[in-house]
Amino acid sequence: MTGMAATSDERLRPDCSRCAALCCVAFAFERSADFAVEKAAGEPCPNLDACGGCRIYERRLDLGFGGCVQHDCHGAGQRVVQETFGGRSWLTEPDLLGPMSSAFATMWEIHKLLALLAAARRLPLQPEMAAEIGRFEARLEALAAAAEEPAVRGRVDVLVGEIAAFLPSLRALVGR
């Protein structure tokens with residue numbers, strides 16, 4: 001998918017049932033008000049069961065895991081599992097843990113930008129602004145197709161800067 005279809009709101013919604021608990025593995029947790037434990041990036045959360053389910057899901061907030069409740073991968077997790085790795089998972093193939101974690105971190109950055117651009121599309125855009133958003137989306141989709149490649153992260157970082165420079169041009173449209 002490319003262009004606007006690729007950035008539909010549905011594509012940017014998390015679907016944990018099609019993921020492999022990548023947010024519970026890829027990111028580091030620092031003991032804080034948001035996380036009751038400290039954990040290194042690439043290390044499974046101690047609350048994960050053998051199938052990748054959360055043992056404390058219904059009690060996360062009460063047990064000091066508000067960061068988990070607040071997290072939104074914007075659909076990056078299931079995209080990495082289903083598209084990038086063709087349905088394969090580190091849960092059944094432990095050697096995939098590192099590559100999947102890395103791809104997820106990159107895909108999450110891509111999906112955050114796609115979600116931001118999808119929100120911008122809801123503004124009353126001039127045609128040239130809509131076209132620029134479309135160009136950004138197309139570039140992000142191309143990078144998403146190669147999220148498992150280490151060099152992609154640097155190209156995503158470049159796009160972060162370009163999109164950050166573009167966004168102030170939309171400021172006058174907010175609230176219209």
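Remember, it's a predicted structure, so these values are computed and weren't measured experimentally.
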Residues at least two apart in sequence or cross-chain that pass salt bridge (charged side-chain N to carboxylate O under 4.0 Å, His left out) with R139, listed by chain then number, are E162
Compile the donor-acceptor pairs under 3.5 Å between side chains in residues 98-107 and protein atoms, sequence neighbours left out, one pair per line.
unit_1	atom_1	unit_2	atom_2	d
S101	OG	L97	O	2.9
T106	OG1	S102	O	3.3

List the atom of A76, the atom of H111, and the distance in Å for their closest heavy-atom pair. N-ND1, 3.5 Å
Cluster overlap V158 with V156, hydrophobic side-chain contacts below 4.5 Å: no
Do R155 and E109 meet the salt-bridge criterion of a basic N to acidic O distance under 4.0 Å? no
L12 versus A118, closest heavy-atom pair with distance: CD1-CB, 4.0 Å
Between E43 and A26 (side chain of the first, backbone of the second, donor and acceptor by atom type, cut-off under 3.5 Å), is there such a pair? no
Show, in sequence, the C-alpha distance, side-chain angles and deciding distance for L96 and E93, and conclude whether the side chain to side chain contact (heavy atoms under 4.5 Å, CB included) test is met. CA-CA 6 Å; L96 292 178; E93 298 177 59; 3.8 Å; yes
L114 and E141: CA distance, side-chain angles, deciding distance, side chain to side chain contact (heavy atoms under 4.5 Å, CB included) verdict: CA-CA 9 Å; L114 288 170; E141 288 296 333; 3.4 Å; yes
Closest heavy-atom contact between L143 and I110? C-CD1, 3.8 Å
Tell me the closest heavy-atom pair linking F27 and K39, and the distance in Å. O-NZ, 2.6 Å
Is R31 reaching over with its side chain to a backbone N or O of A36, donor-acceptor style, under 3.5 angstrom? yes
Shared hydrophobic cluster, L167 / L123 (ILVMFWY, side-chain heavy atoms < 4.5 Å): yes
L140 and I163: side chain to side chain contact (heavy atoms under 4.5 Å, CB included), yes or no, with the steps? CA-CA 11 Å; L140 287 164; I163 292 169; 4.1 Å; yes
Is the backbone N or O of F166 less than 3.5 Å from a side-chain atom of S169, with the two atoms forming a donor-acceptor pair by type? yes
Main-chain N/O of A115 paired to H74 side chain as donor or acceptor, under 3.5 Å: no
Connected via hydrophobic side-chain network under 4.5 Å: V37 and V69: no
Closest non-hydrogen contact found for R121 with A130 is NH2-O, 3.7 Å
Is there a path from L170 to V160 through hydrophobic residues (I, L, V, M, F, W, Y) whose side chains come within less than 4.5 Å of each other? yes
Answer yes if I133 and L173 sit in the same cluster of Ile, Leu, Val, Met, Phe, Trp and Tyr residues linked by side chain heavy atoms under 4.5 Å apart, and no otherwise. yes
Tell me the closest heavy-atom pair linking C54 and L48, and the distance in Å. N-CD2, 4.5 Å
Is there a donor-acceptor pair closer than 3.5 Å between any side-chain N or O of Q82 and the backbone N or O of R18? yes
Check whether E38 reaches the backbone of F29 with its side chain - one donor and one acceptor, N or O, closer than 3.5 Å. no
When the aromatic ring centroids of F85 and W90 are compared, is their separation below 6.0 Å? no
Can any side-chain N or O of R60 pair as donor or acceptor with the backbone N or O of F65 at less than 3.5 Å? no
Looking only at side-chain N and O atoms, does D34 offer a donor or acceptor that is under 3.5 Å from a partner on S32? no
